[in-house]
Amino acid sequence: LLRYAGATLILSVSPLAGAVARLPSVLSVRIWPAADYTRVTLEHDAPLKFTHFTVENPDRLVVDIEGVEFNSVLDSLARKVTTDDPYIKLLRAGRYKPGVVRLVMELKTKVAPQVFEVKPAGEYGHRLVLDVYPLTPMQQGMLFQSLFAPEQQIAFGRQSGQLLDE
């Protein structure tokens, strides 16, 4: 009995025990549907490591977030999407594997997503932003071409930039 009590005491005061308590937490989720695009923002209390990719048939945006645990805020995602959102059909989250939460956004149409992190500002903490834009006419044409003439290997994406006047 003393052996187990000693092991418990060592674990409770070791640096490893404190590391678990310092994992980032998702604090809130906000969704703004608009005609131009839909923005999903996950506010969290520390920087996150994430990856994202898209899947077809059905169209989905998948975001894996490392080092967070699934919580009630993430569990509430599905209830935040409205039926009149022009791009998002459903948004759900779950534990993908230990230490990784997977967000899956089921889409109503093909989109050009942008996923990025914003540093704290004012009353807002760290934010992971998922912007879902419709395909531009050029992207739609390139997609059509890639589906019906795949040998041409056309790639498409969305980029933005800023011109500097020097």
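- Scanning for side chain to side chain donor-acceptor pair (under 3.5 Å) contacts around E117 gives H44, with sequence neighbours left out.
- Remark: T82 pairs with D84 by the side chain to side chain donor-acceptor pair (under 3.5 Å) rule, at least two apart or across chains.
- Between Q114 atom CD and Y133 atom OH the span is 5.0 Å, to the nearest 0.5 Å.
- Taking CD1 from I65 and CG from L103, the interatomic distance works out to 4.0 Å, rounded to the nearest 0.5 Å.
- The salt bridge (Lys or Arg N to Asp or Glu O under 4.0 Å) check on D64 picks up R102, with sequence neighbours excluded.
- Applying the 4.5 Å side-chain rule to ILVMFWY residues, one finds F116, V118 in the same cluster as V129.
- Contact detail for G67 and P24: the closest heavy-atom pair is O-CD, 3.2 Å.
- Applying the ring-ring contact (aromatic ring centres under 6.0 Å, His included) test to F50 and every residue at least two apart in sequence or in another chain returns nothing.
- Residues that satisfy the salt bridge (Lys or Arg N to Asp or Glu O under 4.0 Å) test with D131, not counting sequence neighbours, are R39.
- Under the ring-ring contact (aromatic ring centres under 6.0 Å, His included) criterion, H52 pairs with no residue, sequence neighbours left out.
- Proximity of V132 to L107: side-chain heavy atoms (C-beta onward) are separated by under 4.5 Å at one or more points.
- Contacts of D59 classified as salt bridge (Lys or Arg N to Asp or Glu O under 4.0 Å), with partners at least two apart in sequence or in another chain: K110.
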For residues 86-99, which side-chain donor-acceptor pairs fall under 3.5 Å, sequence neighbours excluded?
unit_1	atom_1	unit_2	atom_2	d
Y87	OH	A35	O	2.6
R92	NH1	E106	OE2	2.4
R95	NH2	E69	OE1	3.3

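- Judged as a side chain to side chain contact (heavy atoms under 4.5 Å, CB included), and not counting sequence neighbours, the contacts of V29 are V26, I31, V40, L42, V73, L77, K80.
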